[in-house]
Amino acid sequence: MSGKEESISNENPWTAVRSRIASEAAQRLERLGVSVPLDQLEREISVPPEGMGDLALPLFRYAKKLGKSPQELASVLGEGFPMGGALAHAAPAGGFLNFTVSVPWLAEATLSRIFSGKERYGHTLKPRGRVCVEHTSANPTGQLHVGRSRNGIIGDTYARVLSAAGYDVRVQFYVDDIGRQAATLVWIWSKPVHDWPENVRERSGISSDGPKPEGMKPDEWRGKPYPSASEVVKQEETAAREVSDLTSRFERGEIPPAEYRKVPKDILDGVLATLGRVHIHFDEFVWESDLILDGSVRKTVGELEHAPHAVRLEGGALAIDASAQGLPPDLAKVLITRSDGTHLYIARDLAYHTRKLAEFDRVIDVIGEDHKAHFRSLLAVLSEMGLPRKPEVLHYAFVSLPEGKMSTRAGRIVTLDDLLDEAHSRALKEVTERRADLPPDEAEHVAESVGAGAVRFHLLSVQPDKPIVFRWEDALSFEGKSGPFVQYSYARASSLLRKAKDSGEGPLLADLEKGITKYLPLPEPLDPREVDLLRSLSRFPALVRRVSEDGSVHLLPLYAHEVSDRLNSFYQAVRVLGGEAQSLPLRLALVASARQVLGNTLHLIGVEPLERM
RNA sequence: GCGCCGGUGGCUCAGCUUGGACAGAGCAGCGGCUUCCUAAGCCGCCUGUCGUGGGUUCAAAUCCCACCCGGCGCGCCA
């Protein structure tokens, strides 16, 4: 791909128009006697309500300075405003000066970028550095539930967007195999089942040693004794001692890592299989225990002992007084080790982050809002350690059930496995009813894709800050603002293009992909739905850019819905094949472009585009 | 008690970073559309004290203050 094409496909067509309006307006305002910084003016340009043009410049502020009415200033400023090229029309309205772009320009600028960029349309091709995204990192204690899967879906999407925005992204899963929770499970499984406490045997439903039952996932099987074993450890001192002895022996190198990690590994394998169903994959697994075995944790704790604000608490625990770092009084002292000298979770996390910060240009953690305080402490201590860069965080709120907080103990839990299975079977029912002609294996594939798409789309479409109350009927919606709605629009566009090729329009399509220019001027006037679709398609590069900067991943499903919605309306309103001959090139180009942009968006949100459904 | 985050039609949510023109969608409800490119679709109707009260401003869902409700957290768990 040549340099020129690169710059075209990642350049947002609107930026040039905006700066042209801003600089012309700035000159004209200057002549009238008020000088305004160019970037301020550019920022103030907004999008007017439907039917009033494409861009709007509010003039209230400047009217006041000039002692004119906003209406008057708008007409004076609009008088003789140079049109041509991208700009077709300027009209004062109230205190605004509204601009309408030329439709041929919009079509050419948008479609040519899509055709030359293809699956990279909207992407930034210029390298922007190395970034590490850490997400999910669930404790290996059992199956993933819907709440924790929100983490993975947000994290995976963010990683995809960062990659599209030009970053070299590495996705990490931090496996906490050494903390109290995982250790409890390693401990219980280290004993023969007949030595388990009776109530653990009873409640786990595991009564004898033996291989994993047929058809059960390893995370489900290995996780069964967790709730009861964890209670035993909390209540019985001997059990608690056995768990910490086990941990200490491992840390001293007396248990081979492969043996110690057998149970966590089984669980991780099960969790990864489930995450694979929603297209979540990792580049690297960082085992927490490795940070201990290779001395990283010891080194970090050693450094902290000599930190300027290190303090010893009564009993001997090491803490960092972070009040100088601006932490509120209740968080001011950050404990690093226990009184007995063993390190706390944050000590290991500090070692991990020190390593990541040395290796990457940006370090991003996707973590639940219950860890907000922990993250603040982490930041404060890292800065106490004198690290120049800081990790960034994307927090998300919890998923609860209508009956309340999810709880394994109370049996109030929805696992991602159950949700995906249910989604699959409902989707299969739909597919077989609607498309009896599809071969069974394709129907199966479509059902899996549609089910997973519905789940991912649903969990992604709420702003991460907001708590979600999980309801089956919302998560499994296949219509309206849903994953399947978008997949359906994509499939219809694909189908139409297949039909076009079958009816001999293949050469025209191939020609269009080389450039729309030779089919200009467009058959005027365009249907308003054609123009609306173009407008939506043209927004994509700016959206990708924005999401990569602020992590607002929930905007992507929203956008996918908008494009689908406009494609469907267009498709309903005008005839592509067998319609007016002079409209065929533009309409085919629109369908092909919309399909491309939907495909690109679906890729970012991790939902599979389907050629047929 | 303190801190952080949320509170927008019957339900679920965009919009708030950077104040701007009648607050947008989806679901549910009601009424239409299939001799025609996939009806998981399209078109139309109905539904709003933007939690409450103050303030700043020519202009507030958006910024500031107070309060109410919900979520999350508050040193030897992770």
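Hydrogens, waters and symmetry mates are skipped; everything else that's a heavy atom, side chains included, is used. Within every chain, numbering begins at 1; the chains are lettered A, B, ... in the order of the sequence lines, protein sequences first and strands thereafter.
- Ring-centre distance between A/His374 and A/Tyr345: below the 6.0 Å cut-off.
- Contact annotation for A/Ser495: base contact, defined as any heavy-atom pair under 4.0 Å involving a base atom.
- Considering only side-chain atoms of A/Ser569, the nucleotide from B/C43, B/A21, B/C72 that sits closest is B/C43.
- At a cut-off of 3.5 angstrom, counting only N and O atoms as typed in the model, there is no donor on one side facing an acceptor on the other between the side-chain of A/Asn568 and the base of B/A39.
- Put simply, the side chain of A/Leu543 reaches to within 4.5 Å of the side chain of A/Val547, judged on heavy atoms.
- When the shell of 6.0 Å around CD of A/Glu473 is examined, it contains more than 12 heavy atoms from other residues, nucleotides or ligands.
- Among the atoms of the strands shown, base atoms are found under 4.0 Å from some heavy atom of A/Ala317.
- Nucleic acid contact for A/Asn98: base, since at least one base atom lies under 4.0 Å from a heavy atom of the residue.
- To the nearest whole angstrom, the two P atoms, one in B/C68 and one in B/G53, are 15 Å apart.
- Donor-acceptor pairing under 3.5 Å, judged by distance alone, is present between the side chain of A/Ser339 and the base of B/C76.
- If you take CE of A/Met613 and P of B/C37, they are 18 Å apart, rounded to a whole angstrom.
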Inset, instruction - Start with the C-alpha distance between A/Asp365 and A/His353, add both sets of side-chain angles, then the distance that settles side chain to side chain donor-acceptor pair (under 3.5 Å), and finish with yes or no. - result: CA-CA 10 Å; A/Asp365 296 355; A/His353 279 85; 2.5 Å; yes
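- Using a 4.0 Å heavy-atom cutoff across all strands shown, A/Arg348 reaches sugar-phosphate atoms only and no base atom.
- Along RNA chain B, the nucleotide nearest A/Ser564 and the nucleotide nearest A/His458 are compared for position; the residue whose nucleotide lies closer to the 5' end is A/His458.
- Across B/G15, B/A21, B/C37, the shortest atom-to-atom separation from the side chain of A/Leu555 is found for B/G15.
- In this structure, A/Ala397 reaches neither bases nor backbone, as no heavy-atom distance under 4.0 Å exists between it and the strands shown.
- Side-chain N/O atoms of A/Arg498 include none lying less than 4.0 angstrom from OP1 or OP2 on B/C37.
- B/G44 and B/U62 are spaced 32 Å apart, taking the C1' atom of each and rounding to whole Å.
- Pair assignment for B/G3: B/C72, on the basis of Watson-Crick or G-U wobble contacts that are both within less than 3.5 Å.
- An OP1 or OP2 oxygen of B/C5 is reached within less than 4.0 angstrom by no side-chain nitrogen or oxygen of A/Lys466.
- Between A/Leu73 atom CG and B/G20 atom C1' there is a gap of 15 Å when expressed in whole angstrom units.
- Summarising the geometry, the separation between CZ on A/Phe398 and P on B/G73 is reported as 6 Å, rounded to the nearest angstrom.
- The side chain of A/His561 lies closest to B/A25, out of B/C72, B/A25, B/C58.
- Contact of the A/Val414 side chain with the A/Val399 side chain is not registered, since no non-hydrogen atoms from C-beta on lie closer than 4.5 Å.
- Counting non-hydrogen atoms under 4.0 angstrom, A/Asp565 reaches the backbone sugars and phosphates but no base.
- Comparing B/G24 with B/A61, their P atoms sit 13 Å apart, to the nearest whole Å.
- Comparing B/C36, B/C42, B/A39 by their nearest atom to the side chain of A/Arg575 picks out B/C36.
- Using a 4.0 Å heavy-atom distance criterion, A/Arg471 is classed as a sugar-phosphate-only contact.
- Rounded to an integer number of Å, the gap from A/Lys333 NZ to B/G75 P is 13 Å.
- Counting heavy-atom neighbours within 6.0 Å of A/Glu50 CD, excluding the residue itself, gives a total of 12 or less.
- With P as the reference atom, B/A21 and B/G15 are 16 Å apart, rounded to whole Å.
- For the C1' atom pair drawn from B/G32 and B/G70, the interatomic distance equals 41 Å after rounding to whole Å.
- With B/C72, B/G75, B/C42 as the candidates, the nucleotide lying closest to the side chain of A/Phe485 is B/C42.
- Panel note: side chain A/Asp177, backbone A/Arg261; no donor-acceptor pair is recorded below 3.5 Å.
- Atom pair A/Phe60:CZ and B/U56:P shows a separation of 21 Å (rounding to whole Å applied).
- Counting any heavy atom pair closer than 4.0 Å across all strands shown, A/Leu558 reaches sugar-phosphate atoms only and no base atom.
- At B/C77, one or more side-chain N or O atoms of A/Arg180 fall inside 4.0 Å of OP1 or OP2 (strictly under the cut-off).
- The nearest heavy atom of RNA chain B to A/Leu497 and to A/Val469 marks one nucleotide each, and the one closer to the 5' end goes with A/Val469.
- Judged by distance alone, the side chains of A/Arg612 and A/Ser494 never bring a donor and an acceptor atom under 3.5 Å apart.
- Pair assignment for B/A59 gives none, since no Watson-Crick or G-U wobble pairing has each distance under 3.5 Å.
- Across B/C43, B/C58, B/G41, the shortest atom-to-atom separation from the side chain of A/Lys64 is found for B/C58.
- When heavy atoms are screened at a 4.0 angstrom cut-off, A/Phe478 is found touching base atoms of the nucleic acid.
- Of the candidates B/C42, B/U18, B/A21, the closest approach to any side-chain atom of A/Phe96 belongs to B/A21.
- If you measure from atom CD of A/Gln181 to atom P of B/C77, you get 12 Å, rounded to the nearest angstrom.
- The A/Leu577 side chain lies nearest to B/C37 when the options are B/C76, B/A21, B/C37.
- A/Ala56 comes within 4.0 angstrom of a base, heavy atoms only.
- Taking 4.5 Å as the limit, some side-chain heavy atom of A/Val146 sits within range of a side-chain heavy atom of A/Met406.
- Using a 4.0 Å heavy-atom cutoff across all strands shown, A/Val591 reaches no nucleic acid atom at all.
- Residue A/His374 places none of its side-chain N or O atoms closer than 4.0 Å to OP1 or OP2 of B/C74.
- Across all strands shown, B/A25 is found opposite B/U12 as a Watson-Crick or G-U wobble partner, with both distances under 3.5 Å.
- With distances taken from any side-chain atom of A/Leu496 to the nucleotides B/G3, B/G20, B/C37, the minimum falls on B/C37.
- Residue contacts shown for A/Glu479 are limited to sugar-phosphate atoms, with no base heavy atom under 4.0 Å away.
- The distance between atom CG of A/Leu313 and atom P of B/G75, rounded to the nearest whole Å, is 12 Å.
- Distance from the side chain of A/Gln463 is smallest to B/G6 among B/G6, B/G20, B/G73.
- There is a side-chain donor-acceptor pair under 3.5 Å between A/Ser536 and A/Glu562.
- Within the 4.0 angstrom heavy-atom criterion, only backbone atoms of the sugar-phosphate kind lie near A/Lys499; the bases stay farther away.
- Of the side-chain N and O atoms in A/Arg492, one or more sit less than 4.0 angstrom from OP1 or OP2 of B/A39.
- At a threshold of 4.0 angstrom between heavy atoms, the contacts of A/Pro70 with the nucleic acid are absent.
- Between the CG atom of A/Asn139 and the P atom of B/C77 there is a distance of 15 Å, given to the nearest Å.
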